[in-house]
Amino acid sequence: MRQARKTANMNVSFAGAVSSATLCGSTGQVNDRQVKESLEILRNPLAPGLYFVATPIGAARDITLKALDVLASADVIAAEDTRTARHLMQIHGIALGERSLIAYHDHSAASVRDALVEMAAAGKSVACVSEAGTPMVSDPGFPLARAAIAAGVAVHAAPGPSAMLAALVVAGLPSDRVLFAGFPPAQSGARSRMLEELSNVPATLVFYESPKRISRLLAEMAVSLGGDRDAAVCRELTKRFEEVSRGSLAELAEAFRGREVRGEIVLLVGRAPVRAVEQNDLEATLDEALARLSVKDAVAEVAAALDLPRRGVYQAALLREKRDAGPEEAE
């Protein structure tokens, strides 16, 4: 990959999509010229704007061709870690040359963000790269994107690697509904409140966590979320010592208790189990809601509170109204 890809000066227009060979709607044969073009890094003027570029989370070969094109062509590169960005470009044979490489991270002053937006507004193409993964996912990309949009600057994405998505693929947990919760708060009180808020969310929960704190977090989750909930601890994804530990929260809490852990970690927790609702609970909750709300609103409130299908709750409400009406009114 490093030897096969050579920087080329080709007359190919670029404003988001860069390759002359496309996949969408193409039914013809791919010829040798198209294959050669698709493997070359294209260095062409980019349209002014902000380009968020996903970078590998472990293996350098996971970078996309479009990401390489942007890194080779952007007027300015803003990086969460300039050393990592420079090294990645060197691996793939991309020279920085006279272009600016600017540090932009969580501790950067607002003036750095404003300067990047001003550059893009003045007609420059600015590439923004995380230390690893997709910008905007647990990194300082959001305030930069928001400021650019507010200033009328075009924002583009060069999609690619993401630790969250990679973990979701290998965890074996439902992926139809997912909530990314980022890093839990370091303070115990705030962390406890966060877990309480998320305890009944009907979605797979995704967290990033430090290896030094994963044991503590698993133990707390086993108590606050329920020890029987399915979970997966994904460590060092795409790297040499990749490891995925699956089990219930109680089992994982025990497995990681006292264990020395290293590397980047993504923790996924399966959705809250649907709890069985006793008929008496349904009737009592429905009675209370019907005493102050219309049937429609009462059904909606009870269905949400007890996590039940609206249709079933509505049928229960109709039966109660019919019963309360008595035989004479029912006739």
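Along the sequence shown, residues carry numbers from 1.
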Nearest heavy-atom contact between Arg99 and Ile77 is NH1-CD1, 4.1 Å
Rounded to the nearest 0.5 Å, how far does CG of Leu237 lie from CZ of Arg235? 10.0 Å
With the threshold set at 4.0 Å, does a side-chain nitrogen-carboxylate oxygen contact exist between Lys239 and Glu242? no
Only residue of Asp176, Asn200, Thr204 satisfying side-chain hydrogen bond (donor to acceptor under 3.5 Å, both in side chains) with Arg271 is Asp176
The criterion is side chain to side chain contact (heavy atoms under 4.5 Å, CB included); which residues satisfy it with Ser192, sequence neighbours excluded? none
Without swapping roles, check the side chain of Ser210 against the backbone of Lys212 for a donor-acceptor pair under 3.5 Å. yes
Would you say Glu264 has more than 12 foreign heavy atoms packed within less than 6.0 Å of its CD? no
Atom pair CZ/OG of Arg229 and Ser199 - distance to nearest 0.5 Å: 7.5 Å
Of all the heavy-atom pairs spanning Leu50 and Leu144, show the shortest one and how long it is. CD2-CG, 3.7 Å
ILVMFWY cluster membership beyond Val223 - transitive side-chain contacts under 4.5 angstrom: none
Please determine whether side-chain contact (heavy atoms from CB on, under 4.5 Å) holds for the pair Asp75 and Val126, giving the CA-CA distance in whole Å, both sets of side-chain angles, and the decisive distance to 0.1 Å. CA-CA 6 Å; Asp75 298 318; Val126 180; over 6 Å; no
Quick one: closest heavy-atom pair of Pro140 and Tyr104, and the distance? O-OH, 3.2 Å
How long is the span from the OG atom in Ser108 to the CG atom in Leu116, to the nearest 0.5 Å? 8.5 Å
Under 3.5 Å: donor-acceptor pair, side chain of His92, backbone of Ala60: yes
Rounded to the nearest 0.5 Å, how far does CG of Leu101 lie from CZ of Arg83? 12.0 Å
The residue among Asp62, Val129, Thr134 that forms side-chain contact (heavy atoms from CB on, under 4.5 Å) with Thr55 is Val129
Got more than 12 heavy atoms from elsewhere within 6.0 Å of CD, Glu196? no
Just how far is it from atom CE of Met136 to atom OG of Ser162, taken to the nearest 0.5 Å? 12.5 Å
Could you tell me whether Glu288 and Arg292 make a salt bridge, using a distance below 4.0 angstrom between a side-chain N and a carboxylate O? yes
To check you understand the geometry: which heavy-atom pair defines the closest contact between Val117 and Val153, and what is its length? O-CG2, 4.0 Å
Considering only Ile, Leu, Val, Met, Phe, Trp and Tyr, and joining two whenever side-chain heavy atoms are under 4.5 Å apart, list the other residues clustered with Phe241. none
Side-chain hydrophobic cluster, 4.5 Å single linkage: members besides Val269: Leu179, Met194, Leu195, Leu198, Val201, Leu205, Phe207, Ile214, Leu217, Leu218, Met221, Leu225, Val233, Leu249, Leu252, Phe256, Val261, Ile265, Leu267
For the student: nearest non-hydrogen atoms of Ala171 and Ala232, plus distance: CB-CB, 3.8 Å
Looking only at heavy atoms, which two atoms of Arg191 and Ala186 are closest? And how far apart? NH1-O, 2.9 Å
Hydrophobic cluster membership, Val206 vs Phe142, 4.5 Å side-chain cutoff: no
Does a salt bridge link Glu260 with Arg262, judged by any charged N lying under 4.0 Å from a carboxylate O? yes
What's the verdict on salt bridge (charged side-chain N to carboxylate O under 4.0 Å, His left out) for Arg257 and Glu254, showing C-alpha distance, side-chain angles and the deciding distance? CA-CA 5 Å; Arg257 184 164 60 89; Glu254 179 61 27; 2.8 Å; yes
Would you say Ser130 and Pro135 make side-chain contact, with heavy atoms under 4.5 Å? yes
Write out all pairs satisfying ring-ring contact (aromatic ring centres under 6.0 Å, His included) with one or both partners inside residues 293-322, taking only residues at least two apart or from two chains. none
All ring pair (Phe, Tyr, Trp, His ring centres under 6.0 Å) counterparts of Tyr208, not counting sequence neighbours: Phe180, Phe183
Chi angles and distances behind the side-chain contact (heavy atoms from CB on, under 4.5 Å) call for Ile41, Asp69: CA-CA 5 Å; Ile41 299 175; Asp69 292 341; 3.9 Å; yes
Are Cys128 and Tyr51 packed together at the side-chain level, in the sense that at least one heavy-atom pair is separated by less than 4.5 angstrom? no
Take Leu173 and Leu168 through the side-chain contact (heavy atoms from CB on, under 4.5 Å) test and state the conclusion after the steps. CA-CA 7 Å; Leu173 295 172; Leu168 194 62; 5.6 Å; no
Using side-chain contact (heavy atoms from CB on, under 4.5 Å) as the criterion, point out the one residue from Ile91, Leu88, Thr238 that pairs with Pro56. Leu88
Is there a path from Val76 to Val70 through hydrophobic residues (I, L, V, M, F, W, Y) whose side chains come within less than 4.5 Å of each other? no
In plain terms, say whether Glu220 and Arg213 are close enough for a salt bridge, that is, a side-chain N and a carboxylate O under 4.0 Å apart. no
Arg86 atom CZ: more than 12 heavy-atom contacts under 6.0 Å: no
Measuring from Leu46:CG to Lys124:NZ, what's the distance to the nearest 0.5 Å? 12.0 Å
Validation row: Arg259, Ser215 side chains within 4.5 angstrom (heavy atoms): no
